[in-house]
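To start, the structure under review is shown below, and the notes come after it.
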Amino acid sequence: MCEPKFYQLTNDLLFHIVMQESEVALKGLVASLLSKKIEEITSVEVLNPIDYSQRISGKRIILDVNARVNKDTLVNIEVQVRRFEAWHLRSLFYAARMAAQSHPGKTYAELPIIRQFSILDYTFDEEDSAFFSEYELQNQKTGKTYTDRFRIAIMDLTQKDLATPDDIASGRLIWADLFNAQSWGELDQLAKKDTLAREVVDIMRTAMKDDGISFAINEREIAEMDALTREKSAEQCGLERGLERGWQQGLARGLEEGMEKGIEKGIEKGSAKSREAIRSNMIRAGFTQEQIALALGE
């Protein structure tokens, strides 16, 4: 039997499908990201389920996963493959929005724990690289935590080699391998070693055997490629226009500076010739050298 077409788990639509269709997979990922044991996750619910039967092709459609965990925690998980320069601001916005929309009309004491997780397939921080990083509000002078209810975390798939013992113990390394797998063969090898990985791979394979889902994922990929092509084209066009404008401005500036220097040089040479003419005339008229020097200001 032929294998279905392979897509990496970093495909945001496929990722959403796996998390929505498998409570086991969602519990496993949430527990890993929260550094908890799976048994500690007593309940988990996807708050933004999507209807796969609808057309989902636009690149601008956001397919992050919002979930309520243990009734007191809200998590947002988003996978991003292409570099996004303002990602730190985007993740902050998502976390803040999640907090603001959590319990409208209720007291502040009932604000749930907010956790925003970004799974990135590019290096987030070149100067301070890490596989898994967590950020929270702290006093700059003392380091005292302002509140532990609001945190943002980054899992950098390109920095798997920097995984710590805590990353390994929490199972985050297994998830990195699942996201990084490039073929069904690689996924099957992971499935043989880990029951959670087997669940994820089974859901992925089942999803890709569904013609409707497979078509939606393919359209999603085409939309992403089209968006990337447009961005690259606009970038190239902007570069070419910038170079042309820079060349024109450089040429104009060069001509302007050349004319200024030419005029200065001309005045300088003309002045020198005039002085020599005056000197010659004064000598012929019988003026002494002292008188000539005084006249020329020498």
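Residue Glu21 comes nearest to Ile203 through the heavy atom pair CB-CG2, 4.3 Å, listed as atom of the first residue, atom of the second, then distance. Minimum interatomic distance between Arg172 and Leu33 (heavy atoms only, all atoms of both residues): NH1-O, 3.9 Å. The shortest non-hydrogen separation linking Glu136 to Asp148 is OE1-CA, 4.4 Å. Considering every non-hydrogen atom in both Gln116 and Ser91, the closest pair reads OE1-CB, 3.4 Å. A pairwise comparison of heavy atoms in Glu40 and Asn70 identifies O-ND2, 2.9 Å as the closest pair. For the residue pair Glu186 and Ala181, the shortest heavy atom distance occurs at OE1-CA, 3.4 Å.
With contacts defined as side-chain heavy-atom distances shorter than 4.5 Å, the pair Glu3/Asp188 qualifies. No side-chain heavy atom of Glu134 sits less than 4.5 Å from a side-chain heavy atom of Ile152. Residues Val30 and Phe117 have side chains not in contact (no heavy-atom distance under 4.5 Å, counting atoms from C-beta outward). Side-chain contact check for Val18 versus Leu9: some heavy-atom pair is nearer than 4.5 Å. A heavy-atom distance below 4.5 Å is found between the side chains of Leu162 and Ser129. Side-chain contact between Leu111 and Ser102 is present, with heavy atoms from C-beta onward closer than 4.5 Å. Side chains of Val200 and Asp202 form no contact here, defined as non-hydrogen atoms less than 4.5 Å apart. Between Lys209 and Ser214 there is no side-chain heavy-atom pair separated by less than 4.5 Å.
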Practice prompt. Could you give me the CA-CA distance, side-chain angles and deciding distance for Phe179 and Gln8, then say whether side-chain contact (heavy atoms from CB on, under 4.5 Å) is met?
Written response: CA-CA 6 Å; Phe179 281 110; Gln8 281 186 263; over 6 Å; no
Item to complete: Evaluate side-chain contact (heavy atoms from CB on, under 4.5 Å) for Leu120 paired with Met155, printing each intermediate quantity in order.
Response: CA-CA 6 Å; Leu120 307 181; Met155 187 160 82; over 6 Å; no
Discussion item. Could you walk me through whether Lys5 and Tyr7 satisfy the side-chain contact (heavy atoms from CB on, under 4.5 Å) test, starting with their C-alpha distance in whole Å, then the side-chain angles of each, then the deciding distance to 0.1 Å, before giving a yes or no?
Written reply: CA-CA 7 Å; Lys5 184 175 180 179; Tyr7 285 94; 3.2 Å; yes
Item to complete: Let me see the working for Arg82 and Asp121 under salt bridge (Lys or Arg N to Asp or Glu O under 4.0 Å), right down to the final yes or no.
Response: CA-CA 7 Å; Arg82 290 161 46 198; Asp121 198 22; over 6 Å; no
Practice prompt. Mind running side-chain contact (heavy atoms from CB on, under 4.5 Å) on Ile114 and Arg149 for me, showing each step along the way?
Written response: CA-CA 6 Å; Ile114 302 296; Arg149 285 178 175 266; over 6 Å; no
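With a 6.0 Å cutoff to the six-membered ring centre and a 45° limit on the axis angle, Arg90 does not count as a cation-pi contact of Phe93.
Here the CD1-OG1 distance, from Ile119 to Thr10, works out to 10.0 Å after rounding to the nearest 0.5 Å. With values rounded to the nearest 0.5 angstrom, Ile17 atom CD1 is found 6.0 Å from Ile50 atom CD1. Here the CZ-CG distance, from Arg198 to Leu190, works out to 11.5 Å after rounding to the nearest 0.5 Å. A distance of 11.0 Å separates CG of Asn66 from CD of Glu45, quoted to the nearest 0.5 Å. Distance CD1/Ile38 to CG/Leu29: 10.0 Å, rounded to 0.5 Å. Remark: Asp194 CG to Ile174 CD1 distance equals 4.0 Å, nearest 0.5 Å.
For Phe132, the ring-ring contact (aromatic ring centres under 6.0 Å, His included) criterion is met by no residue, not counting sequence neighbours. Scored by the side-chain contact (heavy atoms from CB on, under 4.5 Å) test, Arg83 finds Glu85, Tyr122, Thr123, Glu126 as partners (sequence neighbours excluded).
Taken together through direct or relayed side-chain contacts under 4.5 Å among Ile, Leu, Val, Met, Phe, Trp and Tyr, Ile113 and Leu92 form parts of separate hydrophobic clusters. Tracing side-chain contacts under 4.5 Å through hydrophobic residues (I, L, V, M, F, W, Y), one never reaches Met98 starting from Val65; they form parts of separate clusters. Linking ILVMFWY residues whenever their side-chain heavy atoms come closer than 4.5 Å, directly or via other members, places Phe6 and Leu178 in the same cluster. Put simply, Leu157 and Val201 are part of the same group of oily side chains (I, L, V, M, F, W, Y) that touch within less than 4.5 Å, one to the next. When hydrophobic clusters are built by joining Ile, Leu, Val, Met, Phe, Trp and Tyr residues whose side-chain heavy atoms come closer than 4.5 Å, directly or via intermediates, Phe150 is not grouped with Tyr94.
Summarising the local packing, CG of Asn139 is surrounded by more than 12 heavy atoms from other residues, nucleotides or ligands at distances under 6.0 Å. Around CZ of Arg68, the count of heavy atoms belonging to other residues, nucleotides or ligands within 6.0 Å does not exceed 12.
Under 3.5 Å, the side chains of Thr158 and Asp156 contain a donor-acceptor pair of N or O atoms. Side-chain polar atoms of Glu78 and Ser118 form no donor-acceptor pair below 3.5 angstrom.
Ser170 places a side-chain N or O within 3.5 Å of a backbone atom of Asp167 that can act as its donor or acceptor partner. The backbone N or O of Asp64 sits less than 3.5 Å from a side-chain atom of Asn48, completing a donor-acceptor pair.
Relative ring orientation between Trp87 and Phe84 is described as perpendicular, the plane-to-plane angle rising above 60° on a 0-90° scale split at 30° and 60°.
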